[in-house]
Novice: 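Can you read through this structure? Questions will come right after.
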Protein chains: 2
Amino acid sequence: MVAVGERIRLSDVALRAGVSVATASKALNGTGRMTPETRQRVQRVADELGFRPNAMARALISRRTFTVGLLTNDTYGRFTLPVMAGVSEALVDEGVSVFLCSIEDDPALGRVHLDAMLDKQVDGIISTGKRIDKRLPVDLSGLPVPVVYAFTQAPDDAVTLVSDDAQGAREACQWLVGLGRTNIVHITGPETFVSARDRAGAFREVLGERGRVLHGEWSETWGHQAIARLWDEKRARPDGIFCGNDQIARGVIDALRERGVQVPSDVSVVGFDNWEILAAATRPPLTSVDMNLKALGREAGRLILALSEGKQLEPGIRKLPCSLVVRQSCGGLTAD
Amino acid sequence: MVAVGERIRLSDVALRAGVSVATASKALNGTGRMTPETRQRVQRVADELGFRPNAMARALISRRTFTVGLLTNDTYGRFTLPVMAGVSEALVDEGVSVFLCSIEDDPALGRVHLDAMLDKQVDGIISTGKRIDKRLPVDLSGLPVPVVYAFTQAPDDAVTLVSDDAQGAREACQWLVGLGRTNIVHITGPETFVSARDRAGAFREVLGERGRVLHGEWSETWGHQAIARLWDEKRARPDGIFCGNDQIARGVIDALRERGVQVPSDVSVVGFDNWEILAAATRPPLTSVDMNLKALGREAGRLILALSEGKQLEPGIRKLPCSLVVRQSCGGLTAD
DNA sequence: TTGAAAGCGCTAACAC
DNA sequence: GTGTTAGCGCTTTCAA
């Protein structure tokens with residue numbers, strides 16, 4: 001139930017320590033000049049009383065609230081969550097707290113949240129989403145606070161953080177090639193997604209003429225369908241498949257098993273997203289590209305902190321590297 | 001980039017409207033007495049200037065920050081996310097913002113976040129987790145602000161919100177029974193989980209002697225294993241399976257298909273969690289129990305709001321109903 | 001009907 | 001060394 005511990009003010013500490021409020025303030029902040037004894041006495045009293053300065057009052061003076069807002073439209077998503085965790089992680093040590101604002105895709109809700117944050121004098125705003133080629137339905141230009149965009153589309157002159165899809169895809173492809181696979185196919189999501197295009201581009205770059213790309217949905221079902229198509233053709237069948245996400249990969253692997261094709265001995269499969277719970281549940285466990293979204297979140301936190309401290313940052317898109325997480329779906333190094 | 005729109009203060013409005021700060025304040029807050037003309041003029045000026053009151057300054061006076069903290073240890077989880085969304089949704093209309101504090105399972109981190117929130121004078125704290133039978137590693141007793149626990153274990157005298165596992169399980173079982181299934185088995189997670197025990201208890205309650213429970217892991221693999229065990233036995237095989245979560249159900253359905261058993265015509269399967277992305281991907285799509293976590297989050301938001309406004313609430317555990325989401329894995333009403 | 005003044009909890013000049 | 005004073009942006013008596 002509601003425990004009503006009275007809050008201790010600086011004046012309480014000052015009174016009890018027999019000094020003025022100003023002296024108490026200086027004592028605790030390590031500023032001003034006074035005898036070591038006085039300082040220590042004040043500190044001791046503050047500890048005894050469990051004094052914690054009121055951040056509101058401080059903020060009113062310093063014009064810094066040590067608070068940032070995090071806007072997201074990805075309520076249920078596996079993308080935003082690690083980003084948020086990263087942001088929170090990077091900022092907590094600096095005493096900065098994060099306002100979570102989930103705005104769905106509702107411009108009105110976005111406005112409400114934005115206003116609430118601005119009223120609360122956040123030091124900065126991080127905008128994050130579930131696609132790097134869609135904007136949130138809020139206009140964040142001309143705000144009195146800095147903004148960082150992470151894993152969402154942003155204006156050209158903004159500071160933006162995204163994962164390096166092309167590099168991640170390249171690593172996956174090179175891994176398959178390095179394993180001796182020669183007939184490699186890329187099964188991925190709709191061409192309308194920049195991520196799909198970027199990954200496919202990198203795939204073609206590595207594979208050249210040999211590389212074949214199949215666009216479909218981001219779903220298990222599409223994985224099944226794609227395999228059905230490939231296996232029904234009269235052509236040579238692939239010995240390596242790079243999938244646009246883990247769900248497709250899951251469908252692919254299941255479809256291959258249903259056809260008696262062995263993974264990884266007959267075909268190597270790589271996924272994308274490294275969605276732990278899915279990647280670990282495929283049989284065999286899925287080798288997959290991890291976008292390192294938590295690291296991306298941490299970087300977003302660092303950047304917004306720098307900006308809120310008045311530092312200048314070069315605008316533009318910063319791509320953060322992905323990394324390949326090797327499990328058993330490719331054979332080779334960790335063949336089972 | 002950093003756009004540096006100067007913030008408008010009340011004094012700016014007052015000056016421009018030709019009144020005192022006090023009058024301006026009253027005009028905008030609808031308090032005090034003055035001619036309608038004065039009030040309107042002030043309001044018009046405030047609108048023109050885009051004045052928004054500084055919430056810090058207000059908070060300093062009113063002792064309410066319109067801010068609550070949300071503690072969670074479920075960084076990647078599908079449980080906490082809907083809860084958070086619900087909390088945020090319930091509170092945004094009241095002008096309350098939510099601090100997101102992801103503390104993993106680290107007591108030190110919990111302490112740091114808690115202190116940060118308290119310093120920032122949150123009006124209340126919501127504690128949430130991924131299991132209803134584990135506590136977060138932070139002591140929230142004796143705080144100067146109210147606390148609500150949602151989907152996590154709590155002290156006896158706390159206000160706690162959990163989903164009604166037993167009721168959800170009961171609905172699932174009755175659904176299977178209503179479909180004419182007579183030999184029903186419950187395949188679920190470890191008995192060490194209260195949720196597993198509660199669901200199994202409800203299952204036995206509905207099925208009586210006929211009900212058989214198999215405990216294992218919360219994984220697809222366990223779903224496969226359980227089916228292997230059941231189908232290798234010399235006993236009559238089940239025609240209805242109630243699974244402890246959707247992952248197990250996924251494993252069960254896949255295992256059944258591998259054995260040529262038809263779902264739902266031969267066997268009806270129900271899952272638990274209604275984890276959209278999984279439930280929709282099973283073939284056929286999975287009928288599953290939804291814990292309505294977003295609604296739970298909303299309720300948590302309402303409760304913390306009530307408490308922070310000084311209302312008294314009966315301590316104890318409040319169970320919120322689950323609901324069955326019918327897809328195609330059971331046949332009957334929506335048979336395919 | 002309006003405004004001057006005090007004060008929320010704290011920090012920072014500037015006296016003493 | 002320490003205290004007095006002013007002020008962050010706002011609300012709220014209380015006096016005019």
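Protein chains get the first letters and strands the later ones, always in sequence-line order, with residue 1 at the start of each. Bear in mind the structure is a predicted one, so any value in this text is a computation, not a measurement.
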Novice: B/F51 versus B/V45: any side-chain heavy-atom pair under 4.5 Å?
Specialist: no
Novice: For the side chain of A/K26 and the base of D/dG1, is some donor closer than 3.5 Å to an acceptor across the two?
Specialist: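 Counting by modelled atom types and ignoring angles, no donor-acceptor contact under 3.5 Å is found here.
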Novice: Without swapping roles, check the side chain of B/S62 against the backbone of B/R58 for a donor-acceptor pair under 3.5 Å.
Specialist: yes
Novice: In whole angstroms, how far is the P atom of D/dG9 from the CG atom of B/N29?
Specialist: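 The distance from CG of B/N29 to P of D/dG9 comes to 17 Å, rounded to the nearest Å.
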Novice: If I take atom CZ in residue A/R64 and atom P in nucleotide C/dA12, what distance separates them, rounded to the nearest angstrom?
Specialist: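 In whole Å, C/dA12 P lies 14 Å from A/R64 CZ.
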Novice: With a 4.0 Å cut-off on heavy atoms, is B/R9 in touch with a base, just the backbone sugar-phosphate, or nothing at all?
Specialist: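 It contacts sugar-phosphate atoms only.
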Novice: What is the nucleic acid contact for A/T38, judged by heavy atoms within less than 4.0 Å: base, sugar-phosphate only, or nothing?
Specialist: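 Here A/T38 touches the backbone only, sparing every base.
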Novice: Mark yes or no for whether A/D133, through its side chain, and A/V194, through its backbone, hold a donor-acceptor pair below 3.5 Å.
Specialist: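 At least one qualifying donor-acceptor pair exists.
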Novice: Just how far, in rounded Å, is C1' of D/dG9 from CZ of B/R7?
Specialist: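 Spelled out: CZ on B/R7 to C1' on D/dG9 is 12 Å.
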Novice: Looking at B/A27, is its backbone amide N or carbonyl O close enough to the side chain of B/R39 to form a donor-acceptor pair, meaning the two atoms are under 3.5 Å apart?
Specialist: yes
Novice: When you check the phosphate oxygens OP1 and OP2 of C/dT11, does a side-chain N or O of A/R58 lie under 4.0 Å from one of them?
Specialist: yes
Novice: Using only side-chain N and O atoms of A/S25, determine if any of them is under 4.0 Å from OP1 or OP2 of C/dC10.
Specialist: no
Novice: May I have the distance from A/R33 (atom CZ) to C/dC14 (atom P), rounded to whole angstrom?
Specialist: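 Answer to the nearest Å: 14 Å.
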Novice: Measure up the A/F79 and A/F151 rings against each other and bin them: parallel (under 30°), tilted (30 to 60°), perpendicular (over 60°).
Specialist: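 Ring orientation, 0 to 90° scale: tilted.
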Novice: With a 4.0 Å heavy-atom cut-off, tell me which residues in residues 46-57 of chain B come close to DNA chain D, sorted by residue number.
Specialist: B/F51, B/P53, B/N54, B/A57
Novice: Kindly say whether B/A57 contributes a backbone atom to a donor-acceptor pair with the side chain of B/N54 at under 3.5 angstrom?
Specialist: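 Checked: pair present.
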Novice: Angle between the two end axes of the helix from C/dT1-D/dA16 to C/dC16-D/dG1, five base pairs per end, rounded to 10 degrees?
Specialist: 50°
Novice: Mind calculating the distance between CG (A/L15) and P (D/dG3) to the nearest angstrom?
Specialist: 12 Å
Novice: Checking A/T38 side chain against A/M34 main chain: does a donor-acceptor pair fall under 3.5 Å?
Specialist: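 Here the side-chain-to-backbone pair does not exist.
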Novice: Please determine if a side-chain N or O atom of B/R63 lies less than 4.0 Å away from the OP1 or OP2 oxygen of C/dG9.
Specialist: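 For C/dG9, OP1/OP2 do have a side-chain N/O of B/R63 under 4.0 Å.
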Novice: If you pin A/V21 and B/I61 to their nearest nucleotides in DNA chain C, which one's is more 5'?
Specialist: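 Residue closer to the 5' terminus by nearest nucleotide: B/I61.
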Novice: Verify, without hydrogens or angle tests, whether B/R52 (side chain) and A/D119 (backbone) share a donor-acceptor contact under 3.5 angstrom.
Specialist: no
Novice: Output the rounded distance in Å from CG (B/L28) to P (C/dT2).
Specialist: 14 Å
Novice: Between B/D74 (side chain) and B/T80 (backbone), is there a donor-acceptor pair under 3.5 Å?
Specialist: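 Checked: pair present.
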Novice: Mind checking if A/T23 touches a base, just sugar-phosphate, or nothing, with heavy atoms under 4.0 Å?
Specialist: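 Result for A/T23 = base.
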Novice: If I take atom CG in residue A/L60 and atom C1' in nucleotide C/dT11, what distance separates them, rounded to the nearest angstrom?
Specialist: 11 Å
Novice: Check the distance between D/dT12's C1' and B/L10's CG and give it to me in whole angstrom.
Specialist: 13 Å
Novice: Taking OP1 and OP2 of D/dG1, is either one under 4.0 Å from a side-chain nitrogen or oxygen of A/T35?
Specialist: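 For D/dG1, neither OP1 nor OP2 has a side-chain N or O of A/T35 closer than 4.0 Å.
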Novice: For the backbone of B/F66 and the side chain of A/K120, can you confirm whether one donor and one acceptor N or O come within less than 3.5 Å of each other?
Specialist: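 Side chain of A/K120 to backbone of B/F66, a donor-acceptor pair under 3.5 Å: yes, one is there.
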